[in-house]
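Just so it is clear, the values below take in all heavy atoms, side chains as well, and ignore hydrogens, waters and symmetry mates.
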Amino acid sequence: MSSSTSRTIAALLGAIVLASVVALAASAAFGRGAAPSPSPSPSDPPVASPSVPPTVAPTTPPSEEPSPEPSDPPADGPTKVALQDLTGHDVSVEIDDDTGEVIDAESGNPGDGMSVRWGDVKVENIDAETLRVVWVGLPRDEVVRLNITRVGGTVHLAFVQDAPPANSDALGFDRILELTFEEPVRSEDVTTSVEESPESAE
């Protein structure tokens, strides 16, 4: 056998060996994949994945503020007005207005002495809705009572207070009350009366 033939055979054998080595390496590489996870045995109980309950936001009831209770209506009754008195006594008038038309009452400024006689009442207009009422009383502490009524178009002012002894020349002092009505009232349409208090008559 010639030397050239020997070299040819040796080259072929080397190529075959190299191809075998490459094939084995490739087979080993493809065989090293991730091992499949073992399937569970039929006898093993199923493993339940932990269930997470849904989060429910707590419902907040609407805030309910207590509704304010209606206030009690003002009680009907007499209105008490302090009167100015030059003698320094505590004198007031308690007004019981049956008409419901008087919206304001306050004291006027009395002069010195008596401008009307005992038992008389002077009524005059200050303006269309306001009357000035003048009468006299004894120089003492006293609560005078005044009842206001209306019959038709006539307003009546009925005073009840202490009176001087009969047939006396007792000195009195002016008492002045200013009454404001919700509608115009004429002094000519007002009648008056002065009665003795039952306490003073005893």
Side-chain angles (χ1 to χ4, degrees), residues 63-202:
S63 60
E64 296 181 359
E65 297 181 358
S67 58
E69 296 182 359
S71 57
D72 295 333
D76 294 332
T79 299
K80 196 171 185 179
V81 178
L83 296 178
Q84 295 185 26
D85 182 71
L86 293 180
T87 61
H89 289 90
D90 185 8
V91 180
S92 61
V93 58
E94 195 172 76
I95 305 170
D96 191 359
D97 175 27
D98 291 340
T99 70
E101 300 173 10
V102 177
I103 60 175
D104 190 31
E106 59 185 22
S107 176
N109 298 315
D112 188 12
M114 299 171 57
S115 61
V116 296
R117 297 182 303 175
W118 285 106
D120 289 348
V121 180
K122 181 172 66 175
V123 181
E124 57 186 357
N125 279 96
I126 299 176
D127 55 43
E129 292 82 19
T130 306
L131 299 175
R132 176 182 288 113
V133 184
V134 183
W135 74 105
V136 295
L138 293 169
R140 64 176 65 173
D141 294 347
E142 184 180 6
V143 177
V144 181
R145 286 166 178 79
L146 170 61
N147 182 239
I148 304 176
T149 56
R150 177 187 283 275
V151 178
T154 302
V155 174
H156 184 70
L157 308 179
F159 291 90
V160 178
Q161 67 173 22
D162 292 342
N167 302 318
S168 73
D169 55 355
L171 179 64
F173 290 87
D174 280 350
R175 293 171 176 176
I176 301 179
L177 180 66
E178 297 177 356
L179 298 173
T180 301
F181 292 74
E182 61 184 0
E183 295 182 355
V185 57
R186 298 193 314 161
S187 60
E188 294 86 348
D189 297 330
V190 178
T191 60
T192 64
S193 63
V194 179
E195 297 181 6
E196 185 176 0
S197 172
E199 292 81 1
S200 64
E202 293 177 355

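- D96 places no side-chain N or O within 3.5 Å of a backbone atom of N147 that could act as its donor or acceptor partner.
- Side-chain atoms of D97 come within 3.5 Å of backbone atoms of V102 as a donor-acceptor pair (strictly under, hydrogens ignored).
- Distance check: L177 CG to S92 OG gives 11.0 Å after rounding to the nearest 0.5 Å.
- In terms of modelled atom types and a separation under 3.5 Å, the side chain of Q84 and the main chain of I176 share no donor-acceptor contact.
- Taking both residues in full, the closest heavy atoms of I103 and F181 are given as CD1-O, 3.9 Å, listed atom of the first, atom of the second, then distance.
- The shortest distance between side-chain heavy atoms of L146 and V144 does not fall below 4.5 Å.
- Residue D120 holds its CG atom at 9.0 Å from CE of M114, rounded to the nearest 0.5 Å.
- Considering only heavy atoms from C-beta on, V121 stays 4.5 Å or farther from V116 through its side chain.
- In this structure, F173 and V91 have side chains that are not in contact, with every pair of non-hydrogen atoms separated by 4.5 Å or more.
- Two residues are said to be in side-chain contact when any heavy atoms from C-beta on lie closer than 4.5 Å; P184 and E129 meet this criterion.
- Counting all heavy atoms, side chain and backbone alike, L138 lies closest to R175 at O-NH2, 2.9 Å.
- Heavy-atom contacts from other residues, nucleotides or ligands closer than 6.0 Å to CD of E195 number 12 or fewer.
- By the 4.0 Å N-to-carboxylate-O rule, E94 lies too far from K80 to be salt-bridged with it.
- For D127, the CG atom is densely surrounded, since the number of other residues' heavy atoms within 6.0 Å is greater than 12.
- Between S187 and V123 the shortest heavy-atom distance is CB-O, 3.6 Å.
- For the side chain to side chain donor-acceptor pair (under 3.5 Å) criterion with T130, the lone passing option out of N125, D104, T180 is T180.
- A distance-only check finds no donor-acceptor pair linking the side chain of W118 to the backbone of G172 [under 3.5 Å].
- Put simply, CD1 on I148 and CG on L179 are 5.0 Å apart, with the number rounded to the nearest 0.5 Å.
- Rounding to the nearest 0.5 Å gives a distance of 11.5 Å between CG of D174 and CG of L83.
- Expressed to the nearest 0.5 Å, how far CZ of R140 lies from NE2 of H89 amounts to 9.0 Å.
- Smallest separation of non-hydrogen atoms from V134 and S115: CG1-OG, 3.6 Å.
- Summarising the geometry, atom NE2 belonging to H156 is positioned 13.5 Å from atom CZ belonging to R150; distances are rounded to the nearest 0.5 Å.
- Across all their heavy atoms, D162 and S197 have their closest contact at OD1-CB, 3.6 Å.
- The two residues E178 and G108 make their nearest non-hydrogen contact at OE2-CA, 3.9 Å.
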